[in-house]
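For reference, the structure is listed below as structure tokens.
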2 protein chains.
Amino acid sequence: MVEKQLKDRIIETALTLFEKYGYHGVTVDRIVAECGASKGGFYHNFKSKDELLYHIHDVFITYVLNKAQEAYVKYKTPTKRLCAIIHSFVRVFHIYKPHITVFNQEAAYLKPAYAEKINAKREQYKQIIFQVLREGIEAKEFRSEISIELAGLSIIGMVNWMYKWYKPDGPMSIEQIATAFNDLILHSLLTEEAKRDEDISSFLLSHVGEE
Amino acid sequence: MVEKQLKDRIIETALTLFEKYGYHGVTVDRIVAECGASKGGFYHNFKSKDELLYHIHDVFITYVLNKAQEAYVKYKTPTKRLCAIIHSFVRVFHIYKPHITVFNQEAAYLKPAYAEKINAKREQYKQIIFQVLREGIEAKEFRSEISIELAGLSIIGMVNWMYKWYKPDGPMSIEQIATAFNDLILHSLLTEEAKRDEDISSFLLSHVGEE
DNA sequence: GTGAACAGACCAACTAGTCGGTTTGAAATA
DNA sequence: TATTTCAAACCGACTAGTTGGTCTGTTCAC
């Protein structure tokens, strides 16, 4: 493989355009023109414009779901698991920012058959978060007063919302953002006992500067 | 005004349809058919489909911005101000859920002239949040380790994300959600001293059940 | 009677998708 | 090695359907 295949070029170009102008703001003609391809080339690689949209969705959600599962398996305590999942989630923005923008912005336009597949994976992701929160409460690492569902959706919301403001060349690095998020989230979840546990609270910002 | 004016019927119908099918998933013909109007009636009340989209955006952002400013004026300490702003923000979902969905989903399709006006107000809203956080840190109510920008965007993100999951007839009431959000947010922001202050920490969930 | 509110047939532009044709590259054949 | 073959990859003019917006009226309130 000396040079990039047409299919990849189409996806890459479409991604850049979709991110900027939205799915409906970009025509197939524009995509193929911008990447030096043709209508024929496009429809040879994709059944339809919808399939391209689905493909973009699937690449991202599959990747991020895998990462979350890996993090869950790799670590053994709720706090560590949650921090690792969030960290991997934030880190995805480094590679998949345009995918995530399209994912969060255009999912409503997926044809039912495609939407179903994507939603199944999206639901799986949510369940992993809920599961970790549940285990955290059981282990008395997280406060029992919180609503698992609400806390989970808050976490997903604050991270996903990054697609509205995160700029890869902005002043904050991915690592800084991930650390700050984990600090905020843990402060809102951890019990007082857990905060006193050196091993658990090592993820908190306030402990970084201590001496 | 005995019966509802056409303009309002158009907006209401459009809102319901946009929320479900997206701005590009709904044609002007569909809107006027669904509310028993005509093309002529539509274009008598709106210069274009774009103007209708702008109108929906403006109604919501103007309302929520006012509410935030009111809350800021009404209360005098950072914690109270923040809680009131968040509370009002969440409460808006009760009336303006479709508006907010359109606002968060279709803003990218606003024509430049319209987008500019909306963005100015959106920016103002953000600045109010940042301002309260800044004052909270100065007053030593909020932890100095947090990044104002990141904490602010997190708050905005978690609340705005509600448009993806909040169902008016769901198991959680607006008030419950607002209270839970405030609990999570304050736990992540408040300093230890502030938490010990009875007046400030009265917003925390963990204090509700205490005796 | 006069202008605002509204109706609905009509139009021009745009766009996803098609279809017959051409290129290309590698395997099969001689 | 030279030649044929054949399917996959790709091209681009064309089409059929859709959709925002217009325009000529008609109705109705004051």
Side-chain angles (χ1 to χ4, degrees), chain A residues 1-58 102 105-115, chain B residues 1-58 102 105-115:
Chain A
M1 191 180 69
V2 214
E3 54 178 286
K4 206 165 262 181
Q5 292 307 300
L6 180 61
K7 185 165 185 175
D8 291 330
R9 263 167 44 220
I10 291 175
I11 294 170
E12 207 172 308
T13 308
L15 233 15
T16 312
L17 292 172
F18 287 167
E19 186 181 14
K20 199 166 181 184
Y21 305 104
Y23 179 69
H24 287 93
V26 179
T27 67
V28 176
D29 279 318
R30 173 104 186 260
I31 296 169
V32 297
E34 210 109 333
C35 71
S38 67
K39 265 310 194 30
F42 182 94
Y43 283 96
H44 178 74
N45 284 286
F46 299 98
K47 270 171 56 189
S48 62
K49 195 187 176 190
D50 295 289
E51 199 199 47
L52 168 60
L53 184 62
Y54 166 70
H55 186 270
I56 291 171
H57 276 72
D58 194 53
V102 173
Q105 203 70 43
E106 316 288 353
Y109 293 116
L110 281 173
K111 289 276 180 303
Y114 292 137
Chain B
M1 189 181 71
V2 214
E3 54 178 284
K4 206 165 262 181
Q5 292 309 301
L6 180 61
K7 185 165 183 175
D8 290 330
R9 263 166 47 220
I10 291 175
I11 293 170
E12 207 173 308
T13 309
L15 233 14
T16 313
L17 292 172
F18 287 167
E19 184 180 15
K20 199 165 181 183
Y21 305 105
Y23 179 69
H24 286 92
V26 178
T27 66
V28 175
D29 279 319
R30 175 102 184 261
I31 296 169
V32 296
E34 211 108 334
C35 70
S38 67
K39 267 302 194 39
F42 182 94
Y43 282 97
H44 177 74
N45 285 286
F46 298 98
K47 271 171 56 188
S48 63
K49 194 187 176 191
D50 294 288
E51 200 199 45
L52 168 60
L53 184 62
Y54 166 71
H55 185 270
I56 292 171
H57 275 70
D58 194 53
V102 172
Q105 203 71 42
E106 317 287 355
Y109 293 116
L110 282 173
K111 289 278 181 300
Y114 292 137

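Here is how names work: the chains are called A, B, and so on, in the same order as the sequence lines, proteins then strands, and each is numbered from 1. Just so it is clear, the structure is predicted and the values come from calculations on it, not from any experiment.
Here CG of B/L52 is found 13.5 Å from NZ of B/K47. Values are rounded to the nearest 0.5 Å.
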N/O-N/O pairs, protein side and nucleotides 15-25 of chain C side, under 3.5 Å:
unit_1	atom_1	unit_2	atom_2	d
C/dA16	OP1	A/K49	NZ	3.1
C/dA16	OP2	A/V28	N	2.8
C/dG17	OP2	A/Y43	OH	3.1
C/dG17	OP2	A/K49	N	2.9
C/dG17	N7	A/K39	NZ	2.9
C/dG17	O6	A/K39	NZ	2.5

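Scanning DNA chain D 5' to 3' for nucleotides with an atom closer than 4.0 angstrom to a non-hydrogen atom of chain A gives a first and last hit of D/dA9 to D/dA13.
Using cut-offs of 30° and 60° for the angle between ring planes, the B/Y23 and B/F18 rings count as perpendicular.
In terms of heavy atoms, A/D29 sits closest to A/V32 at O-CG2, 3.1 Å. Nearest heavy-atom pair across B/H55 and B/I11 is CE1-CD1, 3.4 Å. Residues B/T13 and B/I31 come closest through the heavy atom pair CG2-O, 3.9 Å.
Taking atom CG of B/L6 as the reference point, atom P of C/dC6 lies 5 Å away to the nearest angstrom.
A cation-pi arrangement is found for B/K7 relative to B/F46, the charged atom lying closer than 6.0 Å to the ring centre and inside a 45° cone about the ring normal. In this structure, B/K49 is not positioned above the aromatic face of B/Y109 in the sense of NZ or CZ being under 6.0 Å from the six-membered ring centre and within 45° of the axis.
Here salt bridge (Lys or Arg N to Asp or Glu O under 4.0 Å) pairs that include residues 15-26 of chain B, with residues two or more places apart or in two chains, are B/E19-B/K97.
For B/N45 and C/dA5, the shortest distance from a side-chain N or O to OP1 or OP2 is not below 4.0 Å.
Considering only heavy atoms from C-beta on, A/Y21 comes within 4.5 Å of A/R30 through its side chain. Annotation: side chain of B/I10 is in contact with side chain of B/C35 (closest heavy-atom distance under 4.5 Å). A 4.5 Å side-chain heavy-atom check between B/L6 and B/F42 finds every atom pair outside the cut-off. Side-chain contact between A/Y114 and A/L53 is absent, with no heavy atoms from C-beta onward closer than 4.5 Å.
Note on the helix from C/dG1-D/dC30 to C/dA30-D/dT1: angle between the axes of the first and last five pairs equals 10°, rounded to 10 degrees.
At a non-hydrogen distance threshold of 4.0 Å, nothing from residues 13-22 of chain A comes into contact with DNA chain D.
Evaluation of the ring-ring contact (aromatic ring centres under 6.0 Å, His included) rule for A/Y43 yields no partner, not counting sequence neighbours.
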